[in-house]
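Indexing begins at 1, ligand by ligand and atom by atom, following the structure's order.
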Amino acid sequence: MTMDMKQSIAQLIGQAVMRCYPDADGLLDDEAASGYLEVPPERDMGDYAFPCFRLSKALRQAPVQIAETLAAAISAPDLCEARPMGGYLNFYFNRVNFARQTLREVLDSGDAYGGGQEGKTICIDFSSINIAKRFHIGHLSTTMIGHSLRRIYDFLGYHTISINHLGDWGTQFGKLISAYKHWGDRDHVERGGVEALTQLYVRFHDEAERDPSLEDEGRAWFKKIEDGDPEAIEIFNWFKTLTLRDTQRIYDMLGVTFDSYAGEAFYNDKMDRVIQELKAKNLLALSDGASIVDLDDCCMPPCLILKKDGATLYATRDIAAALYRKDTYHFDKCLYVVAYQQDLHFRQWFKVVEKMGYDWAKDLIHVAFGMISYEGQTLATRKGHVVYLEELLSRAKEQALDIIREKSPDLDNPEEVAAQVGIGAVIYADLQNNRIKDIDFWWDRALNFDGETGPYVQYTHARCCSVLRKAATQDGPIVDADYSGLSDDHAQDILRLLSRFPEAVREAADRYEPSIVTRALTEIAKSYNKFYYEHRILDAEPVVREARLALTRAVKQILRMALYLIGMDAPERM
Ligand code: ARG
């Protein structure tokens, strides 16, 4: 394995320390040595550097001297060369062997390269839309971060369960039924879908300002839903169907799927257990008639469990859902991909689960992300700048189509590619930076073919495909690759990035951070383009050409996988 370069170097260091300093037994095991290894800031300082000051206290020797001693004791020319420089021991890969080994591993493993067989179970609660509300760009991040994490975990061999925890419970649905009964028309709503429902909801609020009795009516309808009144349930389920129908169009465009749509309402009959258990464990207290769990000892406001009228709350349902998921899926971790504004909510009810005595409370993880604004404007849900996702994605396709028509007029399937590029641009913009950072979405930034963008990385992938297509149609002699054709800095930069790709994927999973894959993807694309401009590939001499084509094949394979992992398509021509 190429990851082993670091491992092998760590072993060399460990052995050299043992030989040169026999008294310092057990001072440095391989793992510690590997942990100390750094990637030097400059190319001419080697591929890895070992900072000898780490040992100087224990060995009672100056770092410079340690570096020289160890360098003299290390000889592994097939692997690397060790040179002392100041207090550092710098390691220079044997470039030809490194190239051969890396490319073999990448190409032999194929799409399994960087993947794993972890076997653990992870629930991912994401997207979690609200019934009767249109999907706006505020829901983009949860959808794409969750979707990407799911792909990353699947790739690493986890068993994943993706859950859309629908927001399908609350008094607003009583109001909506009441509005529908007054002003709704079945056909109109059936055709208009969520948009029609939203209009009804807005109308309800306008009219209720003049006629407050409407509020009571709304409450009465909600009570009917709670009591299982057939008419109320029928209408409400229909609203749900309409919402899911409209939302499905967006999920289809994004390629997002779910294993479960069990939302808040699903837990109606599972709430009693929570209440009984909280009571039995003496955690429930009364406060102004409401039932709460006191969290004073954790410096948090109390977690509200039951309202005065006995109604359950968002947190109550989340607790019920967590217990249900643990029983049903036996998860090792359960992730909640939800905006950071809900931070307190999650900290509170995670604490409640902990107080209930469940040690798996530590496996509940709020994967928080920042806000998204659109061309400098924050999203106001009340009238004004709401940007609906469906419109955003359609516009992305149209704009990409204009660009593609101009750049590649001969493409056979411009519409298809435009969808891949336009939607990809939006996804890339969303997953480019650390998730906690706020995002400001700008069209000309997202759709730029130069710079760090979706189209740029997709284009690099298409470029690799084009090089390989041309190579296949030229009848060059079949020769064994000579990897010395890859010992220049540019090729070595790419190889280093390819060899670290598995590490990037693991780190992305460990930190719930798809942007780590986005970054790896972007760095590989950039380094390949540099290489492409500096070196001839197709008309290089045959042995060198073979090596450079192998490199191109490896880059193409990893770019495609990385794009897939963040939820983007990889068109072969664009
Ligand atoms: N529907 C909620 C919202 O849009 C998000 C739900 C997140 N998931 C959860 N289990 N609380 O704000």
Side-chain angles (χ1 to χ4, degrees), residues 122-147 149-150 160-173 176 194 197-198 201 236 239-240 243-244 246-247 250-251 256 258-268 270-271 274 303-305 312-329 331 333-353 358 360-361 363-372 378-382 386-389 430 435-436 512:
I122 287 212
C123 291
I124 312 175
D125 177 323
F126 68 100
S127 201
S128 300
I129 52 154
N130 299 316
I131 297 304
K133 287 228 180 87
R134 280 194 71 183
F135 206 131
H136 63 78
I137 64 169
H139 267 94
L140 178 66
S141 295
T142 167
T143 307
M144 292 326 299
I145 294 170
H147 178 57
L149 287 176
R150 184 215 194 159
T160 59
I161 295 120
S162 56
I163 304 171
N164 199 324
H165 185 76
L166 298 179
D168 56 2
W169 197 250
T171 46
Q172 71 270 31
F173 299 114
L176 198 56
V194 191
L197 293 177
T198 311
Y201 196 63
F236 179 48
F239 290 168
K240 253 188 180 176
T243 310
L244 289 176
D246 283 9
T247 310
I250 294 164
Y251 288 147
V256 173
F258 293 91
D259 299 312
S260 162
Y261 280 89
E264 297 184 32
F266 177 78
Y267 298 98
N268 282 343
K270 299 171 183 65
M271 222 72 76
V274 178
C303 184
L304 225 57
I305 301 292
T312 56
L313 288 117
Y314 184 42
T316 329
R317 279 159 203 275
D318 259 331
I319 296 169
L323 296 175
Y324 173 84
R325 290 173 192 174
K326 185 71 190 174
D327 287 347
T328 310
Y329 306 115
F331 61 72
K333 266 184 195 174
C334 183
L335 312 185
Y336 298 84
V337 186
V338 185
Y340 70 78
Q341 283 92 337
Q342 295 194 27
D343 177 60
L344 180 63
H345 163 74
F346 284 101
R347 282 193 295 127
Q348 284 178 308
W349 77 258
F350 287 177
K351 202 61 178 176
V352 174
V353 175
Y358 294 113
W360 50 264
D363 305 321
L364 302 170
I365 289 151
H366 177 202
V367 177
F369 55 83
M371 280 203 307
I372 188 162
T378 46
L379 296 181
T381 339
R382 294 230 163 259
V386 191
V387 182
Y388 295 116
L389 197 53
D430 193 45
R435 58 184 155 76
I436 204 66
Y512 323 111

Peer 1: Measure the acute angle between the ring planes of H345 and Y314, then classify it against the limits of 30° and 60° as parallel, tilted or perpendicular.
Peer 2: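 Parallel.
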Peer 1: Is the backbone of S128 close enough, under 3.5 Å, to the side chain of N164 for a donor and an acceptor to pair up by distance?
Peer 2: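 Checking the backbone N and O of S128 against the side chain of N164, a donor-acceptor pair under 3.5 Å is found.
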Peer 1: What does the list of residues with a heavy atom under 4.0 Å from ligand 1 look like, ordered by chain and number?
Peer 2: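 Close residues (ligand 1, cut-off 4.0 Å): D125, S128, N130, H139, H165, Y314, D318, Y336, V338, Q342, F346.
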Peer 1: Any idea how F258 and F126 line up, ring-wise: parallel (<30°), tilted (30 to 60°), or perpendicular (>60°)?
Peer 2: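 The rings of F258 and F126 sit tilted, inter-plane angle from 30° to 60°.
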Peer 1: Decide, yes or no, whether a salt bridge links K270 with D327 under the criterion of side-chain N to carboxylate O below 4.0 Å.
Peer 2: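 Answer for the salt bridge query: no.
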Peer 1: Parallel, tilted or perpendicular: which describes the rings of Y336 and F350, with under 30° parallel and over 60° perpendicular?
Peer 2: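 Geometry flag for F350 against Y336: tilted rings.
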Peer 1: Taking all atoms of both residues into account, what is the closest heavy-atom pair of F331 and A322, and its distance?
Peer 2: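 Reported closest heavy-atom pair: CE2-O, 3.9 Å.
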